[in-house]
Amino acid sequence: MNWKDKLRLGTSRPAPARPSGYQALMDLVDDGFCIIQFIDGPDGPLSDYVHIESNSGYERHTGIPGIVGKTVFDVSPQDGAEWVKIYRRVLDTGQPIRFERRFAEIDRHIEVSATLADSVEQGRVAVLFRDITERKRAEEALRDSEQRATRDARHLARALSAGAILGTWIWALDTDHFELDTGFSQAMGLDPEQPASDLTLEMIVSNVHPSDRPALMEEINRAISERAAIAFQFRVRQADGQYHWIETNGRLEGTSPRIFAGVLMDLDERRAILAERDRATAELFHLNQTLEQRVAEQTSKLMEQEEALRQAQKMEAVGQLTGGLAHDFNNLLTAIAGSLELITSRLEEGRTDEAHRFVEAALASTERAATVTQRLLAFSRRQSLLPAPTDVPALVRGMEDLVRRAIGPQVSVTTRFATDMWPAMVDGNQLENALLNICLNARDAMPDGGLIEIEAGNETLSAGTEHLAAGAYVKLSVRDSGSGMTPEQLAKAFDPYFTTKPSGKGTGLGLSMVYGFARQTGGAALIRSQLGKGTTVELFLPRSEQAVETAGPPAGLADAPEGSGATILVVDDEVLVRMVVAESLTDAGFKVLEAGTAHDGLALLEAHPEISALLTDVGLPGGMTGRELARAARDAHPDLGIMFMTGYDDEASSGPALAGAEVLLKPFAFDVMVRRMVELTSGA
């Protein structure tokens with residue numbers, strides 16, 4: 001639809017025909033000209049207009065070609081409504097208007113005259129305009145110049161009244177005529193009543209200090225000849241008979257006539273300030289010479305205090321740890337020692353049927369002691385781990401019955417696992433212990449019952465955090481609806497022997513074991529809690545790139561294991577340990593050789609090529625550890641079976657002791673040791 005189709009004025013009638021030559025006549029007009037026709041628009045009747053005629057001056061003054069047929073919103077989409085409003089006044093009142101306005105879309109100022117083109121009913125307005133952008137810019141520049149001049153004069157007046165400027169001077173070089181204000185005459189030691197027209201340059205500088213006068217004259221001549229600025233400091237004798245420091249600043253203005261003008265500024269106060277600054281600088285320099293020594297002394301004191309604080313905190317932590325250990329082991333040793341005494345007493349009395357009960361008590365105490373040491377080793381990241389690709393959801397499902405029995409019927413347990421979960425590279429047995437410990441802690445935080453939610457999913461960190469390096473992890477979360485913890489309790493939650501439970505209700509080693517296990521695995525344990533809003537423990541376990549191995553059928557060793565007659569080398573520096581281990585293996589049918597150090601063990605290996613397996617402690621005296629012994633033995637005998645027995649491995653955090661080697665954690669059941677040795681030497 002063209003603009004003619006948009007006309008909706010019911011009383012409109014065709015425009016009278018233009019006489020021949022009308023367009024040519026309009027094109028002779030230098031100003032821009034157009035006739036606009038009001039039409040219905042986006043905001044209702046007569047809310048838009050279309051250009052129905054124009055002359056060539058329209059494009060000259062606006063830069064817009066082909067205006068005929070375009071609506072105001074075609075050429076001025078942002079400001080169109082304002083243009084409609086302006087010209088509607090002409091249409092509504094029938095009165096012509098004249099105004100100046102910025103045409104935003106073309107960035108020009110235009111001067112406009114508008115009047116009715118025909119009768120009001122025709123809805124047409126004639127517009128005559130011209131581009132006045134350059135005039136506006138000139139006016140704006142003039143206003144800016146006047147404002148700057150006014151501002152400069154105001155600043156000069158303020159400077160004069162404040163005393164920053166002593167006086168002003170103007171020198172007409174072509175006529176050698178001076179205009180000096182009273183302040184200038186007083187500053188130069190001249191009589192203010194003497195007319196400036198009577199003064200020469202030599203008379204004006206007559207009171208300048210003789211040492212400064214030649215340099216001042218040279219600077220004046222240079223500024224005039226080079227048309228450069230002058231900024232020169234000198235001394236002048238004033239009415240009080242004293243020499244005062246002043247500074248003259250000026251420049252040559254114009255070429256014809258040549259005017260050399262400027263100001264005088266007081267330097268006495270500034271020089272006093274500079275002198276004070278120099279004195280303060282010298283004093284500061286002196287202070288700086290000793291500052292380094294004073295800072296070093298203060299830093300040394302602070303470091304000593306910080307070290308004392310760290311030592312106090314360390315001793316507090318050690319005290320808490322050793323106190324807890326002493327409490328646990330004193331109880332356990334009392335139970336073990338008492339059981340052994342009672343066993344001895346019953347055997348001497350021939351009451352052997354009663355000895356079995358105390359044997360079980362001693363064994364139970366031994367197992368509890370092993371649990372304590374294992375948790376401490378886990379916290380310190382010194383336990384021996386056997387990481388393998390592990391299906392975490394399968395592991396959790398396999399433990400659900402155990403967890404439910406351990407926490408009791410008052411606490412509900414739910415599990416939720418993500419689909420397509422990655423396997424984790426983790427020691428499955430230790431993960432089971434960690435999960436059980438977390439659930440037991442959650443149970444104790446819900447004495448009246450509650451809910452434990454166990455979730456697992458995949459987690460990828462593109463950037464490292466304070467606790468975790470960037471990488472792929474399996475995240476296992478345990479959330480409870482229990483009592484939660486205060487910020488102070490949360491800060492100590494992973495500390496060994498720290499517990500919020502009443503005395504006798506917990507050792508304080510459960511979460512510390514979880515923390516150490518996660519860190520040694522290559523992940524992290526994080527805990528979030530709010531008092532009254534429950535607790536969430538999150539385990540981040542490294543993703544395994546290997547698939548989970550499918551477990552094969554059991555080895556069929558349900559019967560009591562028997563040795564194959566193979567020769568076993570046992571290396572341990574503890575004589576009693578070596579004795580009972582060798583005795584158990586001998587009773588099982590093995591031939592056993594013993595050594596107390598790694599060097600002795602290597603000598604026996606060289607002397608007895610029939611040795612089928614090496615059973616060695618990790619921590620050995622004499623400068624060679626069990627790890628080093630195993631590597632040397634494997635190099636000499638590639639088919640040699642190797643099993644480590646260890647209660648503490650100082651290098652456990654660095655990884656497995658040896659690829660393909662078995663690990664037996666002290667204390668261990670001797671039937672388990674024999675069974676695993678049978679497996680290791682089978683076929684030997």
Please list, one pair per line, the donor and acceptor atoms closer than 3.5 Å that link side chains of residues 565-579 to other protein atoms, with sequence neighbours excluded.
{"unit_1": "D572", "atom_1": "OD1", "unit_2": "E574", "atom_2": "N", "d": "2.9"}
{"unit_1": "D572", "atom_1": "OD2", "unit_2": "K666", "atom_2": "NZ", "d": "3.0"}
{"unit_1": "R578", "atom_1": "NE", "unit_2": "E594", "atom_2": "OE1", "d": "3.3"}
{"unit_1": "R578", "atom_1": "NH1", "unit_2": "D572", "atom_2": "O", "d": "2.5"}

Is it the case that the side chain of [X] and the backbone of [Y] share a donor-acceptor pair, with hydrogens and angles ignored and the cut-off at 3.5 Å?
{"X": "R631", "Y": "G626", "result": "no"}
{"X": "R404", "Y": "P409", "result": "no"}
{"X": "T390", "Y": "V392", "result": "no"}

Show the atom names and distances, to 0.1 Å, of all donor-acceptor pairs under 3.5 Å that link a side chain in residues 452-461 to residues at least two apart or in another chain.
{"unit_1": "E455", "atom_1": "OE2", "unit_2": "R416", "atom_2": "NH2", "d": "2.3"}
{"unit_1": "E455", "atom_1": "OE2", "unit_2": "R479", "atom_2": "NH1", "d": "3.3"}
{"unit_1": "N458", "atom_1": "OD1", "unit_2": "W422", "atom_2": "N", "d": "3.0"}
{"unit_1": "N458", "atom_1": "ND2", "unit_2": "D420", "atom_2": "O", "d": "3.2"}

Rounded to the nearest 0.5 Å, what separates atom CG in L435 from atom CD in Q430?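 If we round to the nearest 0.5 Å, L435:CG and Q430:CD are 13.0 Å apart.
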Search all heavy atoms of A524 against all heavy atoms of L468 and return the closest pair with its distance. CB-CD2, 3.6 Å
Answer yes or no: does atom CD of E400 have more than 12 heavy-atom neighbours from other residues, nucleotides or ligands under 6.0 Å? yes
State, with a plain yes or no, whether a side-chain heavy atom of [X] is found less than 4.5 Å away from one of [Y].
{"X": "R397", "Y": "F417", "value": "yes"}
{"X": "L614", "Y": "M643", "value": "no"}
{"X": "M446", "Y": "S481", "value": "yes"}
{"X": "F517", "Y": "N433", "value": "no"}

E538 bridged to R528 by N-O distance under 4.0 Å: yes
Under 3.5 Å, is there a donor-acceptor pair between the T597 and D600 side chains? yes
